Structures are given as C-alpha cells and as structure tokens.
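What follows is a set of notes on a single structure, which appears directly below.
All figures in this text were calculated on a predicted structure; none of them were measured in a lab. The first residue of the sequence shown is numbered 1, and numbering continues consecutively from there. Heavy atoms only: backbone and side chains are in, while hydrogens, waters and symmetry mates are out.
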Amino acid sequence: MTDTPKRPSDRAGSPAAGAKLEIRTATAADVPGIVDLSRQVYADQGPYTHGQIMGQINAFAQGTFVALYDGQVAGYAATLRVREARVMAPHTWAEITGAGYASQFNARGDWLYGIEVMVDPAFRRLRLGKRLYQARERLCSDLGLRGIAFGGRLPGFKRHRKTYADPQAYIDAVRNGALRDPVMSFQMKSGFMADRALPGYAPEDVASGGHAVLMLWRNPYFAEDDAVQPVTRTDPDMMRVAAVQLQARTLSTIEEFYANVDYFVNIASEYGADFVVFPEHFTLQLLSCEDRELPPEEAIQRTSEHTADFVEKLRAMAIGRAINIVGGSHATVTEDGDIHNVSYVFLRDGTVHTQEKLHPTPDEKSSWHIKGGDSVDVIDTDCGPVGVLICYDSEFPEAARRLADQGARVVFVPYNTDTRHGHLRVRYCCQARAVENQCYVVTAGMVGNLDNVSNIDIQYAQSAILTPCDFPFARDGIAAEASENVEMIIVADLNLATVQWARAQGSVRNLRDRRFDLYRTRWSDGG
C-alpha cells in the first residue's frame with residue numbers, strides 16, 4: 001500500500017443529475033464505506049481493516065479526508081504528521097505509518113505524510129484524487145507545515161528492470177524525461193518533486209519491485225520563523241474516571257444488586273466522572289438469591305437469563321446519571337449457543353457496546369465452558385476511543401497493543417481474582433501495558449466472599465488507575481489505588497493530551513520505536 005490513488009476496475013461512470021459531492025474530514029461513521037472501498041482497491045493484497053482506518057482517524061482526524069458522492073464513499077485520503085528527519089531518512093510504509101494504524105503520529109511533526117489515497121474509478125470524471133490532494137495542501141498551509149511527502153508507486157519499474165536494475169536509476173531516467181512512468185510522471189506534473197528511491201518500501205507492490213519514490217511537495221507559504229509547532233494536538237480535555245472495588249454480597253433479592261450498582265454509579269456521577277468501571281463477573285452475585293447452590297454449568301446458564309434485564313437497567317443508569325459505564329463483565333449465552341464472558345459498555349447517550357473476553361482462564365473453560373471471543377477493537381465514546389480488556393486478556397500484550405494502535409489512550413480492565421497471586425499477575429501486566437503502550441489502564445476488581453455461588457467463593461483485589469512512567473505522570477505510575485480487599489471507589493483525572501505528548505516527545509516512545517522491519521503482530525482480520 002502506498003499513497004498513490006489506486007483503481008479497482010475500469011468501470012466508467014457519469015455524474016448523476018442532482019447528486020451531491022462532498023469532501024470533508026472522515027468520521028467513525030465513514031469507516032465501513034472506507035473499508036469497502038479498500039476491499040475493491042486492494043482485491044489482490046487484502047483491504048484495510050476497520051481497526052486500521054479507526055486508528056488513522058483517531059490519531060489525526062484533521063488529516064483524514066473522505067469524498068462522498070451522493071452519500072457514497074468514493075474516495076479517501078489519510079495522512080499523519082512526522083518530523084523532517086524521519087521523512088528524509090530511509091523508511092518503509094509499515095515503519096512510518098505504524099503498519100497502517102498511524103500510530104507513528106508526531107504532534108510536533110513539520111511534514112504531512114501521506115498514508116493512503118484511494119479513489120473509485122466509477123467517479124473518475126469528478127477528479128476526486130485531485131480534490132483530495134488539494135484538501136491536503138490546504139491543511140498543510142493552514143498548519144504552517146513544511147510540506148507533504150509520501151512514497152509513490154513505480155508501476156513501470158518491473159517492465160524496465162532489465163535496463164534499470166536499480167530503482168534509483170529508474171527514477172533518474174523518469175525524472176530526466178528518458179522514460180515515462182504512469183504514476184511518477186503524473187505526480188511530477190501535479191507539482192510533486194521526485195526526491196529519491198525508497199528500496200523495499202512496499203514489498204507487496206510487485207509492479208514496483210517492492211520499491212517506491214519519495215515524493216515531496218514543499219509548502220510555498222511556509223515561514224521558517226513560524227516553525228514552532230505545538231507539543232500536542234489541541235485537545236487538552238481531561239477525562240475523569242472512577243473504578244469501583246465492589247464487595248461481593250449474598251443477596252436476598254435481585255433488586256438489592258441493582259440498588260448497590262446504582263449507588264456507586266450515582267456517586268461516580270456526582271464526583272463528575274466520565275466513566276465508572278465495575279469488576280469482572282460482578283453479576284454472579286445475582287445467583288446468591290437462588291434457593292440452592294447451582295452447579296457451575298447450570299449457574300452460568302442461569303446468569304445469562306438475567307442479560308436482558310441487566311442491559312436495560314444499566315443502560316437506564318448511564319442515561320439517567322449522565323455517565324459512561326463499563327459494566328464489568330457478564331456471562332452471556334450468545335446466538336450461536338456458546339457461553340462468553342462479555343463486558344457491556346453503556347454510553348451516556350444510550351448506546352450499548354460489547355467486548356468479549358478473548359482468553360478465558362483454564363478454570364472458566366473447565367467449570368463454566370466459557371469460550372473466547374474473536375475480536376478486540378476500540379469503542380468510540382464522547383471522550384474519544386477507549387478499549388476494554390477483561391482480566392486475563394491484560395496478560396497478553398498483543399491485545400492492548402492493538403487497542404493502542406487503533407487510538408485508545410485509556411484501557412479499562414475489569415478483573416476478578418481469588419488470591420493475591422492472581423491479583424498481582426493482573427496488576428503487574430496492566431502496569432506493563434500502560435508503559436509499553438503509553439496509555440492509562442484502569443482496573444476494577446471484586447473483594448470479599450460470596451455464599452451460595454459455586455466457583456466464586458473468595459476474591460482478592462486492589463484496584464488501581466495506572467499511568468505511563470514519565471515526567472508528566474504520577475511518580476510511581478499510579479494515579480489512584482484502592483486499599484486491599486476493602487469496598488471503595490477510586491477517582492482520578494486523566495490528561496489525554498499528556499498521553500499524546502508522551503507518545504511523541506516522552507523520555508521513551510514505545511509505540512513509535514517499534515522495529516517494524518523485525519517484527520509485527522498480524523491479526524486474523526489482517527490488522
């Protein structure tokens with residue numbers, strides 16, 4: 001994948017009478033259409049994933065543009081900001097774009113770097129590619145940046161490889177007019193300068209021999225004296241989060257459970273929290289109302305029978321208390337008949353999202369026959385994208401990294417452990433996730449003992465709100481921490497702009513400093 005517009009077919013098309021053309025910044029609602037467009041464009045390579053497009057938008061929404069024709073996604077362009085030294089140094093597409101997630105975004109970057117331009121040729125008479133490039137140029141000028149750069153394709157290289165074995169020699173020949181390359185020549189005519197070869201830039205681009213040419217457009221309005229760029233994006237919004245360390249209780253009625261949950265939701269709301277998170281499997285308290293202790297498999301089936309009521313009641317709390325609720329986790333029998341451990345996320349606008357636990361513990365598998373989910377993605381909220389990992393999931397670094405790549409700056413981890421050993425496994429791993437992804441991690445565990453419920457007799461927890469370890473954050477990487485095994489609520493203010501600063505300018509930059517030339521994780525959806 002390179003930044004040059006691609007054509008999925010040779011379909012002709014004419015503008016329809018009265019149809020509307022719109023070029024604007026992309027939003028989450030556009031993602032399915034963008035993915036569908038890439039599915040056509042990259043039929044032989046594999047499309048962008050939902051997560052990659054979300055990552056691009058979440059990293060730099062201002063630099064993503066979508067072309068809508070009569071409401072249909074007809075074109076898309078994505079950029080990120082990088083420093084000049086990075087642009088001019090040898091690099092590959094995967095390295096400089098963070099494997100397409102835009103995680104290498106640098107808020108102090110003085111160049112716009114093109115990740116992608118895609119255009120549906122059915123609308124080629126509308127010159128959408130030119131319109132998208134013009135939108136980039138306007139953004140570059142508005143931000144006062146040095147220019148625009150991208151790795152351009154060399155589709156004629158393979159045909160002339162016998163004569164010009166070296167990509168730089170081929171580029172020089174095109175630049176001097178001895179050859180014509182259908183893409184590079186077009187880009188030069190459009191005002192871009194062919195700077196140098198980028199060997200191995202896109203190995204999947206067979207026609208280009210895996211190579212590209214660094215194309216540059218220098219901003220004619222750039223003023224050297226005005227080159228001081230902001231440290232972060234202009235988004236210093238604070239997010240206040242609350243974690244409930246809940247006491248397991250033997251209940252007399254189901255209403256007691258919801259009254260207790262609503263008590264803590266109300267407290268968090270009164271303290272001005274944007275989010276409140278509850279522990280994993282906290283709904284198993286509902287089984288304590290049964291007239292007998294149910295065997296594990298029957299118990300988990302019975303828990304699932306409360307799903308509709310649970311979802312409706314917590315959804316009403318989120319709306320009524322004007323707060324986003326991460327509803328711990330709740331065992332749910334899904335449509336395929338399998339049992340999953342699901343975190344329901346209730347947004348204060350009434351939207352309900354779900355995130356299944358990817359890695360059931362050995363005990364969950366053997367006692368309750370819980371199966372793992374198949375995907376993990378960020379959840380778009382009014383405070384930006386967030387992620388949820390359920391307990392054991394936090395002990396697998398790949399899952400948190402995917403969420404960070406998609407733009408999550410806060411990851412919520414509801415957990416339930418019976419011993420100090422189990423608690424510390426989760427705690428140490430969550431601290432590691434905060435450091436390696438330069439994000440906040442909010443944990444919430446359950447404490448106490450629970451009678452009449454099989455396989456969840458005792459709990460041990462010390463919930464915490466964890467930060468990266470760098471100068472702007474808490475000295476020991478702990479923004480707030482509960483007392484051990486005591487029911488309580490902890491609250492902390494999280495500066496999301498500080499995370500962006502750390503990723504771009506911190507003492508270490510774990511996300512940006514990954515060696516994409518040595519390793520990367522590939523998910524089943526291609527992300």
Side-chain angles (χ1 to χ4, degrees), residues 1-6 21-42 47-69 71-82 87 93-94 96-107 109-120 123 126 128-143 145 147-151 217 230 232-235 377-381 384-385 403-409 496 500 503-504 511 527:
M1 297 180 180
T2 57
D3 190 65
T4 307
K6 314 298 191 310
L21 172 64
E22 181 182 12
I23 307 289
R24 59 165 172 77
T25 54
T27 68
D30 300 315
V31 173
I34 296 169
V35 172
D36 285 344
L37 175 61
S38 75
R39 188 171 289 113
Q40 297 180 58
V41 170
Y42 293 109
Y48 279 98
T49 68
H50 181 279
Q52 286 174 312
I53 302 299
M54 281 301 304
Q56 295 167 13
I57 295 173
N58 288 331
F60 188 35
Q62 193 178 10
T64 59
F65 301 96
V66 64
L68 299 176
Y69 184 71
Q72 177 184 344
V73 175
Y76 174 68
T79 60
L80 72 163
R81 289 177 63 167
V82 294
V87 171
W93 182 87
I96 202 163
T97 70
Y101 286 94
S103 60
Q104 306 300 294
F105 173 86
N106 185 338
D110 47 3
W111 282 81
L112 279 185
Y113 194 93
I115 299 174
E116 181 62 77
V117 174
M118 296 184 288
V119 174
D120 187 332
F123 305 101
L126 302 178
L128 296 184
K130 182 177 180 180
R131 293 172 188 264
L132 291 170
Y133 281 123
Q134 289 175 337
R136 279 183 177 173
E137 291 177 8
R138 287 193 296 270
L139 176 62
C140 182
S141 297
D142 289 345
L143 294 177
L145 303 183
I148 302 171
F150 61 86
W217 175 83
T232 64
R233 276 186 274 175
T234 55
D235 180 20
D377 293 288
V378 294
I379 296 170
D380 193 31
T381 76
L403 293 173
D405 274 339
Q406 290 184 11
R409 290 171 286 180
L496 304 182
Q500 289 300 106
R503 290 176 175 180
L511 277 181

Worksheet item: With no hydrogens and no angle check, do the side chains of Glu116 and Tyr48 hold a donor and an acceptor under 3.5 Å apart?
Response: yes

Worksheet item: Judged by atom type as modelled, is there a donor-acceptor pair below 3.5 Å linking the side chain of Gln56 to the main-chain atoms of Ala78?
Response: no

Item to complete: Just grab all the salt bridge (Lys or Arg N to Asp or Glu O under 4.0 Å) pairs involving residues 130-140, residues at least two apart or on different chains.
Response: Asp3-Arg136

Worksheet item: If only atom types and distance count, is the side chain of Thr79 paired as donor or acceptor with the main-chain N or O of Gly63 below 3.5 Å?
Response: yes

Discussion item. Contact between Asp142 and Gln62 at the side-chain level, heavy atoms closer than 4.5 Å - yes or no?
Written reply: no

Fill in: Side-chain heavy-atom pair Thr27, Val66 within 4.5 angstrom cut-off
no

Worksheet item: Just wondering, do Tyr76 and Ile53 contact through their side chains at under 4.5 Å, heavy atoms?
Response: yes

Discussion item. Using only atom types and a distance under 3.5 Å, with no angle test, would you say the side chain of Gln52 pairs donor to acceptor with the backbone of Ala99?
Written reply: yes

Item to complete: Quick one: pull up CZ in Arg503 and CZ in Phe105 and give me the separation to the nearest 0.5 Å.
Response: 11.5 Å

Response to the item:
For Ala28 and Ile57, the nearest pair of non-hydrogen atoms, with its separation, is N-CD1, 4.5 Å

Worksheet, complete the sentence: What one should report as the nearest heavy-atom pair of Gly71 and Leu68 is O-CD2, 4.3 Å

Item to complete: Quick one: pull up CG in Leu80 and OG1 in Thr97 and give me the separation to the nearest 0.5 Å.
Response: 7.5 Å

Discussion item. Has Gln104 got a side-chain atom pairing as donor or acceptor with Arg81's backbone, closer than 3.5 angstrom?
Written reply: no

Item to complete: Kindly say whether Gln406 contributes a backbone atom to a donor-acceptor pair with the side chain of Asn58 at under 3.5 angstrom?
Response: yes

Item to complete: Drop me the distance from Met54's CE to Leu403's CG, to the nearest 0.5 angstrom.
Response: 11.5 Å

Discussion item. Ignoring hydrogens, what is the shortest heavy-atom contact between Val378 and Ala408? Give both atom names and the distance.
Written reply: CG1-CB, 3.8 Å

Fill in: Euclidean distance, Thr25 OG1 relative to Phe60 CZ, rounded to 0.5 Å
10.5 Å

Worksheet item: If you take all heavy atoms of Ile115 and Ala102, which pair is closest and at what distance?
Response: CD1-CB, 3.8 Å

Worksheet item: Considering all heavy atoms of both residues, which atom of Trp111 and which atom of Gly147 are nearest to each other, and what is their separation?
Response: CE3-C, 3.2 Å

Worksheet item: Excluding sequence neighbours, so at least two apart, what forms side-chain contact (heavy atoms from CB on, under 4.5 Å) with Ala74?
Response: Tyr69, Phe123, Leu128

Worksheet item: Below 4.5 Å, heavy atoms only, C-beta onward: do Met118 and Tyr42 meet side chain to side chain?
Response: yes

Practice prompt. Applying side chain to side chain contact (heavy atoms under 4.5 Å, CB included), run through Leu511 and Asp405 and close with a yes or a no.
Written response: CA-CA 8 Å; Leu511 277 181; Asp405 274 339; 4.2 Å; yes

Worksheet, complete the sentence: Residues Ser141 and Trp217: closest non-hydrogen pair is OG-CH2, 4.3 Å

Item to complete: For residues Phe65 and Leu139, determine if any side-chain heavy atom of one lies less than 4.5 Å from a side-chain heavy atom of the other.
Response: yes

